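Since the structure comes first, as structure tokens, the remarks are kept for the end.
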Amino acid sequence: MIKKPYNSYSAYIKQKFGKRVQKVSLDTGFTCPNRDGTKGIGGCTYCNNNTFNPYYCKPKKSIFQQLDEGLAFFSKKYKTQEYLAYFQAYTNTYADIELVKSLYLEAINHPKVIGLVIGTRPDCINEDLIQFLSDLAKQYYISLEFGVESTLNKTLDFINRCHTFEETIAAYELAKNKGIELGAHVIMGLPGETREEMLHHADELSKLPINTLKIHQLQIVKHTMMARQFETQPELFQLFLPHEYIQFMAEFVSRLRSDIIIERFTSESPANLLIAPKWNSIKNYEMTSKIEKHLLEKNLWQGKNF
């Protein structure tokens, strides 16, 4: 098998577990500090959680029920695999610490779950939670994924994140070397960012103690503040065309630290919610294949220009 020009998540999972592992999304019903008025209201300007929550993922259902329904769905497609409980929607550490712990324990005690993947904000963790997750990590696979989104404070302010990049750095410092896999999520094409500023994200992300990275192109989806901005101030947005994104991503990957596992390059919002950009229904795996091909054609690989 030809070695890929980047560290792929699928290869990492296969090497780590020796088999296929499926994430099962869960919804705790938690909110975010930039939604409930603690830090702000309205949430992130781009956010509509309906773009990634599956049908079975409803907070009125218990964690166990959501897992059972998710497992029933995926077991029809794949007969032999193990599962990671994926706390995905909103900020999954933003609640009373004892409630948070109880939900994690409920998930990890499911007989078919081998670990947790927890999505959260960098300003919503503390030493107590990190120690709890560190203790769990002695027996289970534990991944903590922070929404970084941008390394520029001007952008974080514009999209109503209500935290700074300095807080992101502090969160990783608190969580590193605790046996927890650390992930990051970043969005390419946010308003006001130049091409060079976006490429510089690779330099800054590479300084963080991250194991995995999710990269998404900016998508404008319905029922968000950004959708209204896109309608009234379209000049704020420079959305990628597919060929532009492929070229950009190849250069971006070449500037990334070589050991970071790239979980994904793109996102694919439901067609009924997506406003722009519309890439003629190019699937995530197709875009990944095109990016990989472009890397090889240009003799680029992850870390070449780090």
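The structure displayed is predicted, hence computed values, not measured ones.
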With sequence neighbours left out, the residues meeting side-chain hydrogen bond (donor to acceptor under 3.5 Å, both in side chains) with K283 are E268
According to the side chain to side chain donor-acceptor pair (under 3.5 Å) rule, which pairs have a member within residues 294-306, sequence neighbours left out?
S254-N305
Test of understanding: with ring pair (Phe, Tyr, Trp, His ring centres under 6.0 Å), list the residues that count as partners of F64, not counting sequence neighbours.
H110
Looking at residues at least two apart in the chain, or sitting in another chain, which of them share a salt bridge (charged side-chain N to carboxylate O under 4.0 Å, His left out) with K39?
D123, E167
Under the ring pair (Phe, Tyr, Trp, His ring centres under 6.0 Å) test, residues paired with Y172 that sit two or more places apart:
F146
With distance as the sole test, does R161 use its side chain to make a donor-acceptor pair with the main-chain N or O of R121 at under 3.5 Å?
no
Please check if the side chain of E145 supplies one atom and the backbone of V117 the other of a donor-acceptor pair under 3.5 Å.
no
Write out all pairs satisfying side chain to side chain donor-acceptor pair (under 3.5 Å) with one or both partners inside residues 177-192, taking only residues at least two apart or from two chains.
Y12-E181, E149-H185, H185-H216
Sequence-distant partners of Y86, ring pair (Phe, Tyr, Trp, His ring centres under 6.0 Å), two or more places apart:
none
Ring pair (Phe, Tyr, Trp, His ring centres under 6.0 Å) partners of W279, counting only residues at least two apart
Y245
Could you list the residues that satisfy salt bridge (charged side-chain N to carboxylate O under 4.0 Å, His left out) with K138, not counting sequence neighbours?
D135
Mind listing the side-chain donor-acceptor pairs of residues 223-232 below 3.5 Å, one per line with the distance, residues two or more places apart or on another chain?
unit_1	atom_1	unit_2	atom_2	d
T224	OG1	V221	O	2.8
T224	OG1	A227	N	3.0
T232	OG1	R228	O	3.0

Residues in side-chain hydrogen bond (donor to acceptor under 3.5 Å, both in side chains) contact with E173, at least two apart in sequence or another chain:
K176
Applying side-chain hydrogen bond (donor to acceptor under 3.5 Å, both in side chains) to T288 and not counting sequence neighbours gives none
Taking the ring centre of each residue, are Y6 and F265 less than 6.0 Å apart?
yes
